[in-house]
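Read the structure below first, then the notes.
Naming: A, B, ... by sequence-line order, numbering from 1 per chain.
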Number of protein chains: 2
Amino acid sequence: MGEDRTARTAVRTITDLARLAGVSPGTVSRALAGKSLVNTKTREKIEAIAREHGFRPNQMASGLRRQKTGVIGVVIPLGHDTRQQISDTFFMTLLGFLADELTLRGYDLMLRRVVPKDDADWLDRFIGSGMIDGVIVIGQSDQFDRIEEVADGYGPMVVWGNHAEGQRHCVVGTDNRLGGRLAAERLIAAGARRLAFLGDTTAIEFAARLAGAEDVAQRLSLPPIIELPAHLSPERASDEIARHLEAVMGRIDGIFAATDTLAALCLTALRTRGVAVPGDIKLIGFDDLPIASHTVPLLTTVKQDIAAGARGLVDLLLRRLAGEQTESLVLPPQLVVRQTA
Amino acid sequence: MGEDRTARTAVRTITDLARLAGVSPGTVSRALAGKSLVNTKTREKIEAIAREHGFRPNQMASGLRRQKTGVIGVVIPLGHDTRQQISDTFFMTLLGFLADELTLRGYDLMLRRVVPKDDADWLDRFIGSGMIDGVIVIGQSDQFDRIEEVADGYGPMVVWGNHAEGQRHCVVGTDNRLGGRLAAERLIAAGARRLAFLGDTTAIEFAARLAGAEDVAQRLSLPPIIELPAHLSPERASDEIARHLEAVMGRIDGIFAATDTLAALCLTALRTRGVAVPGDIKLIGFDDLPIASHTVPLLTTVKQDIAAGARGLVDLLLRRLAGEQTESLVLPPQLVVRQTA
DNA sequence: CGGTAAATTGCAAACGTTTGCAAGATTCCT
DNA sequence: AGGAATCTTGCAAACGTTTGCAATTTACCG
């Protein structure tokens with residue numbers, strides 16, 4: 001009964017709590033904030049009451065007053081292909097690591113997926129909402145210019161993506177060009193000479209991967225790499241891949257897929273038409289997603305260190321929040337040789 | 001130059017904007033809210049100025065005043081196995097669909113991953129933060145009781161997971177028991193008689209799947225199903241699976257894996273030891289993740305409709321926010337026959 | 001014990017928005 | 001033209017915290 005009575009007293013606000021403790025709201029605020037300006041005994045009493053009633057301060061009010069929210073925005077721009085990242089294991093895994101890393105650093109994560117094409121204002125709207133202290137953009141998609149503009153006037157932003165000479169926004173990402181070189185070199189070491197690149201190069205990360213491969217092809221005076229554009233969503237990609245193979249079969253002996261997902265689809269398509277891998281065609285992917293170690297034959301690929309990427313993103317963002325100027329962070333990819341090349 | 005001057009006038013608050021428009025803040029608020037109480041001409045003028053200066057109202061302040069934030073919390077409790085869901089494609093895909101669905105309905109998404117073991121207070125803390133209007137819990141993990149308690153005093157919560165007789169919290173999920181039946185029936189139809197279940201049954205969803213399979217085994221007077229517990233993270237699971245196979249090989253001819261991910265690992269392990277699938281052992285998974293259509297041989301599995309699940313979660317939550325009482329939603333799983341059984 | 005320094009508290013004004021109420025301006029009718 | 005009805009607008013009080021400043025209490029010292 002007595003317990004009932006105390007439990008019944010709803011104590012939602014710091015003022016309720018203050019009344020119960022017989023002090024002023026200000027004191028309660030200070031006590032809960034753990035500042036040293038309040039008497040130890042008072043603090044303990046207040047903490048006890050707070051615990052007993054399960055009191056939690058309203059973060060909205062706190063955020064408004066302090067002009068900071070403790071929330072980091074994470075935004076995934078869905079480019080050309082709206083359905084793109086939904087199936088994209090890479091981005092989702094990165095998101096998982098980001099959530100962990102941010103939690104660890106005491107921040108909450110607000111997720112937003114946007115379609116820039118329908119909503120030119122996507123980035124400013126998020127930043128201007130007053131809900132977030134900083135923003136992490138996952139993937140530049142085709143929004144490089146928009147991001148550059150924003151970066152001029154807004155500090156606490158870090159982007160996952162490709163690093164270009166002289167760009168103004170702070171980016172974390174794999175050295176895609178180097179990755180492309182590694183991939184091409186591996187294909188060639190495995191005996192391939194006439195290469196194709198599978199993937200849509202309007203995404204600048206992919207373009208950079210192709211460029212790296214082309215570096216190698218040129219250096220060795222191989223024929224130019226054939227581009228085979230493909231969407232990332234499995235439904236669409238399957239057809240596209242089939243058509244591409246139809247067209248180029250016999251003229252190539254090595255395929256560099258922009259993504260493990262594409263590589264896996266490609267592998268299936270090749271098997272369907274009875275093409276031996278790596279016998280007739282060598283194949284290499286990118287990312288080293290779980291799927292790469294489940295295909296038959298096992299997929300040779302270029303690994304991105306996703307956990308390190310997430311750590312880098314958060315680290316740089318928090319340093320920028322603290323007012324620091326930060327350079328971009330370019331992570332080295334790593335060749336993982338399995339069976340397809 | 002003129003443009004420079006106007007652009008320079010920082011207009012962050014509704015009051016700034018009011019001053020520029022020569023009206024009171026209240027009028028600006030009403031104009032921007034699109035209420036009909038303001039003169040068309042005034043509204044247009046205000047909207048023009050707002051657009052010109054890229055004004056966005058502060059959502060924190062708005063949220064505080066209106067006592068609603070337009071944000072839905074999504075929380076993933078990491079149970080027994082901390083690293084669990086990070087690699088779990090299923091949860092991540094669900095999250096992606098949730099993000100889409102919430103955006104569509106005009107809500108933002110706040111993501112939190114918690115380790116209940118280290119933080120008994122995880123759910124109340126999130127709810128009491130004042131930052132969210134409602135919460136979606138992805139996966140009951142081993143927190144069924146905690147969730148039940150909270151459900152008694154807090155309406156706007158919907159949980160992804162398993163539905164049990166007479167439970168008090170509103171849940172959306174696949175009929176796991178039925179799924180288990182479908183799986184067992186398929187294994188048996190393919191010729192298996194001595195079944196094993198691969199997965200950790202302290203997760204109640206998995207327990208229900210096993211229960212469904214046992215229903216069938218009992219009905220047909222087959223020997224009891226052998227349990228092979230395994231973690232979900234690939235690193236740990238591989239070893240565990242290898243050990244399990246070592247122990248039971250020759251005594252079973254059908255494996256029901258709790259998850260496609262486990263099934264894929266299992267398939268690899270079986271190939272390593274030269275066991276023919278489906279020749280010597282039939283195998284079936286659960287979920288129908290992308291990986292299921294990339295293994296060799298292709299994985300037979302029980303499909304969960306993730307998109308429908310996300311839609312259901314959001315729909316029920318919004319109805320609860322509107323004050324409605326809602327029943328749980330149980331989705332039918334669907335057998336997808338491929339090559340492993 | 002008087003007096004100063006330090007520690008502790010209360011007061012009240014912010015943070016930026018929304019909204020009930022009432023005042024002022026228009027419109028419309030007779 | 002006079003007055004009621006309807007539109008528009010402004011005023012000011014919230015929403016729940018935090019924090020500078022000042023007032024009060026306590027501790028300390030000679």
In this structure, how many angstroms lie between the [atom2] atom of [N] and the [atom1] atom of [X], rounded?
X: B/K41; N: D/dT9; atom1: NZ; atom2: P; answer: 11 Å
X: A/K45; N: C/dT9; atom1: NZ; atom2: C1'; answer: 13 Å
X: A/E44; N: C/dT8; atom1: CD; atom2: C1'; answer: 15 Å
X: A/L32; N: D/dT18; atom1: CG; atom2: P; answer: 8 Å
X: B/I14; N: C/dT19; atom1: CD1; atom2: C1'; answer: 12 Å
X: A/D16; N: D/dT17; atom1: CG; atom2: P; answer: 8 Å
X: A/M131; N: C/dG16; atom1: CE; atom2: P; answer: 16 Å
X: B/R43; N: D/dT8; atom1: CZ; atom2: C1'; answer: 12 Å

Looking at the side chain of [X], which of [options] is the nearest nucleotide?
X: B/Q67; options: C/dG10, C/dG16, D/dG16; value: D/dG16
X: A/T15; options: C/dC15, D/dT17, C/dT17; value: D/dT17
X: A/T27; options: C/dG10, D/dG10, C/dT17; value: C/dG10
X: A/P57; options: D/dT17, D/dG16, C/dT17; value: D/dT17
X: A/R30; options: D/dT18, D/dG20, D/dT9; value: D/dG20
X: B/R65; options: D/dT9, C/dT9, C/dT17; value: C/dT17
X: B/R12; options: C/dG10, C/dT17, C/dG16; value: C/dG16
X: A/N39; options: C/dT8, D/dT8, C/dG10; value: C/dT8
X: A/N58; options: C/dT19, D/dG16, D/dT8; value: D/dG16
X: A/F55; options: D/dT17, C/dT9, D/dT9; value: D/dT17

Check your understanding: Atom CZ of A/F126 and atom CG of A/D119: how far apart are they, to the nearest 0.5 Å?
Key -> 12.0 Å

Side chain [X], main chain [Y], donor-acceptor under 3.5 Å:
X: B/R113; Y: A/T103; value: no
X: B/D16; Y: B/R12; value: yes
X: B/D133; Y: B/I72; value: no

**Study point:** N or O in side chain of A/S24 less than 4.0 angstrom from C/dG10 OP1/OP2
**Key:** yes

Point to revise | Short N-O contact, B/K41 and B/E44, less than 4.0 angstrom | key: no

Check your understanding: Does the distance from a Lys or Arg side-chain N to an Asp or Glu carboxylate O, for A/R56 and B/D124, drop under 4.0 Å?
Key -> no

Check your understanding: Contact class for A/S29 vs. all strands (heavy atom < 4.0 Å): base, sugar-phosphate, or nothing?
Key -> base

Point to revise | Residue met sooner reading DNA chain D from 5', once B/T42 and B/R66 are mapped to nucleotides | key: B/T42

